[in-house]
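Report on the following structure.
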Amino acid sequence: MTNSEIAVVFEQVADLLEFKNANPFRIRAYRNGARAIRDLGEPVTAILADDTRKLTDIKGIGKDLAEKCAILVDTGELPMLNELQSEIPEGALAMMRIPGLGPKRAAILFNELEVTSLGELKLACERGSIRALKGFGEKTEASILKGIAIAASADKRIYWQQADQIAAQLLQHLGDCPSIEKMEMAGSYRRRRETVGDLDVLVVSEDVAEVMDRFGEFPKLTDVLARGDTKMSIRLRSGLQIDLRVVPAKSFGAALQYFTGSKDHNVELRGRAKQRNLKINEYGVFCINTDEDEYIAGATEEEVYAALNLPVIPPELREARQEFAAADANDLPPLIEMEDIRGDLHMHTNATDGKHTLAEMCEAAHARGLEYIAITDHSKRVTIANGLEADRLLAQWEELDALRKSLPDGFHAIKGIECDILESGELDLPDDVLAQADWVIVSVHFGQHQTSEQITSRICGALANPHTHILAHPTGRLINRRNPYAVDMDAVFAAAADHGKMLELNANPARLDLNDVHLAAAKSHGIPIVISTDAHAADQLDLMRFGVMQARRGGLTKADVANTRSWDEFQKLLQNG
DNA sequence: GCCGTTTTCGGCCCGACTGTTTTCAGTCG
């Protein structure tokens, strides 16, 4: 059983306990446990197999959750979860995904009206039987009816890239308000999470009404969900919710910190404040006095963190993982920046499924300030992309040799290939051909549904090939569309480290493969990461920034990423590999 | 259910908004 499978079980337990109105801190303990396991960076099974180590050494895992991990690993299931699931039908849980319906009122609907699915709930609303319940009314009934459609399509988090486009439009729209002194996006968008569930925008203005009126005129809006003195929420036609907060200037940093989250990061931060007899809220940091709390910081995030003797923790790291320990040890990583990138080592041309020619890709890369690129078209197995046979590949390299003479000084294009790892585990091109390449990417496109054993041994075998430099899109996942292969990533990290191979961080916003947790794990193994666009057209070379953001979330520095090297250093890296 | 530089028991972040109430519970982030 993998870490993420264990984490899912703990999340399910938490959801069900929440529905049962259990002790909220017990529920939180399960959620924290799930997060701790998911973010662990090494398999729970490995710790269990090692007599010298204990699961209870993991923060958030106590005696009970450690036992439950062991049961899950041994038997593949958890009796406690089975029991809870027999009490509470899946459809009842679905009610909690309706905005405005939490565990308390969902339980009332389940117990009083015996509603066990969203369909039955819809009927109950239409019959008007909800409004008769104590604590419910006509408005609640109407809002539930409206929310059922939202719940049915819940969990639709959008790509960061899509959120970025909406954020830009929103900032421009609000920018017309003369009273706005400061404005910034917060939330998971600011933390650069790979997907975003909603947007948060923070504003300093003396004229709250003006800002809220303008916010209510956002062209994509369909509903105003709430409007108070400082907070307003809207929903867009796409279903995306946007929250606006208007705060005084002296609270801007505190509010920015607060609304950037993550929630778990803030819980940790507030706990620390409490130990110092301080209190943090979105208005500032306060010293708790008997008569009146005294404001001591809040205009900037620097002030807020400094009040707790902490440096500003980059938003990308605010996930309650290692960032506080690193900050305490004065060891926060200097995260990689877009300006650090010097090369792009995965791209396609019109020889296979790319749009542009070799020359056009070189020109576009040079225009973007890159110093070196690798041309890496598909190998023959990818017939749908017109993958290259050995002779066509050799011909492409000849063409590249000729083109090199006309390339600008200081710009280098190397001979690469994205060679398929066949279902059998063989590579798609013979070793004598791969031996002539400057840069060999291996990757999986077929047989993605093989068993964990099959696909893991297949990928690790490809990493063992002496001609291989790097594994591309290592898990194969497409965000919101396709699950990762059943590959055992811990085995992949071990193989890459053993054979001195690199791993790709594919920068495509739909892939972002490796994810942040995998990147941190790869870093801990000392495996060089290469951030690549996998561009299939010249303008897709611009996707690099999404990969850099993901790398930052993984805690990577310039030194952890191979394509930040100068051309000379990169060549040395290749020779040593 | 977890955790420990006041603690092995008694805490566990904190405030805004809505709807249904007549002073507050539930939900959300």
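Remember, it's a predicted structure, so these values are computed and weren't measured experimentally. Sequence lines set the chain letters: A, B, ... in the order given, protein chains first and strands last, and positions in each chain run from 1.
- Listed for the A:Ser251 side chain is a donor-acceptor partner under 3.5 Å among the backbone atoms of A:Tyr283.
- Each ring-ring contact (aromatic ring centres under 6.0 Å, His included) pair with one or both residues in residues 82-127 of chain A, not counting sequence neighbours, appears once here: A:Phe19-A:Phe110.
- Among pairs with a residue in residues 509-520 of chain A, those fulfilling salt bridge (charged side-chain N to carboxylate O under 4.0 Å, His left out) read A:Arg321-A:Asp516, A:Asp516-A:Arg553, at least two apart in sequence or across chains.
- For the C1' atom pair drawn from B:dT8 and B:dC2, the interatomic distance equals 12 Å after rounding to whole Å.
- In terms of position on DNA chain B, the residue among A:Met232 and A:Ile58 whose nearest nucleotide sits closer to the 5' end is A:Ile58.
- Comparing B:dT20 with B:dT27, their P atoms are spaced 13 Å from each other, to the whole Å.
- A:Arg105 forms a cation-pi arrangement with A:Phe136, by the criterion of a distance under 6.0 Å to the ring centre and an angle within 45° of the ring axis.
- Contacts between residues 186-204 of chain A and DNA chain B, defined by a heavy-atom separation below 4.0 Å, involve A:Asp198, A:Asp200, listed by number.
- Every residue meeting the ring pair (Phe, Tyr, Trp, His ring centres under 6.0 Å) condition with A:Tyr189, not counting sequence neighbours, appears here in chain and number order: A:Trp160.
- Of the residues in residues 262-284 of chain A, those placing a heavy atom less than 4.0 Å from an atom of DNA chain B are A:Lys263, A:Val267, A:Arg270, A:Lys274, A:Lys279, A:Ile280, A:Asn281, A:Glu282, A:Tyr283, in numerical order.
- Comparing the same atom, P, in B:dC12 and in B:dT18 gives a spacing of 28 Å after rounding to whole Å.
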Can you give me every donor-acceptor pair (side chain of residues 178-186 of chain A, partner residue at least two apart or in another chain, under 3.5 Å) with its distance?
residue, atom, partner, partner atom, Å
A:Ser179, OG, A:Ser205, OG, 2.7
A:Ser179, OG, A:Glu210, OE1, 2.4

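- Here the closest non-hydrogen pair linking A:Ile166 and A:Ile242 is CG2-CD1, 4.4 Å.
- Taking the salt bridge (Lys or Arg N to Asp or Glu O under 4.0 Å) definition, one finds that A:Lys104 meets it with nothing, sequence neighbours left out.
- Taking the C1' atom of each, B:dC9 and B:dG15 are spaced 29 Å apart, rounded to whole Å.
- In this pair, A:Tyr30 and A:Phe10 present their aromatic rings perpendicular. The plane angle is above 60°, beyond the 30 to 60° band.
- Summary of the strand contacts: A:Arg28 and A:Gly135 both lie near DNA chain B, and taking for each the nucleotide with the nearest heavy atom, the more 5' one is attributed to A:Arg28.
- A:Asn330 CG: 12 or fewer foreign heavy atoms inside a 6.0 Å radius.
- Counting only N and O atoms by type, the side chains of A:Gln257 and A:Asn266 include a donor and acceptor under 3.5 Å apart.
- No donor-acceptor contact under 3.5 angstrom links the side chains of A:His265 and A:Glu319, judged on distance only.
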Its dot-bracket string being built from Watson-Crick and G-U pairs below 3.5 Å, with | for another strand and [ ] for crossing, DNA chain B has the pattern ((((....)))).((((((....))))))

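- Listed by first and then second residue, the ring-ring contact (aromatic ring centres under 6.0 Å, His included) pairs that reach into residues 59-94 of chain A come to none, sequence neighbours excluded.
- Protein chain A contacts DNA chain B over a range whose 5' and 3' limits, counting nucleotides with an atom under 4.0 angstrom from a non-hydrogen atom, are B:dG1 to B:dG29.
- A:Asp560 places a side-chain N or O within donor-acceptor distance of the main-chain N or O of A:Thr557, the cut-off being under 3.5 Å.
- Ring pair A:Phe215/A:His173: centre-to-centre distance not below 6.0 Å.
- By the side chain to side chain donor-acceptor pair (under 3.5 Å) test, A:Tyr258 is found to be paired with no residue, residues two or more places apart in sequence or in another chain being considered.
- With a glycosidic angle no more than 90° from 0, B:dT7 adopts the syn conformation.
- Contacts of residues 67-78 of chain A with DNA chain B (heavy atom under 4.0 Å): A:Lys68.
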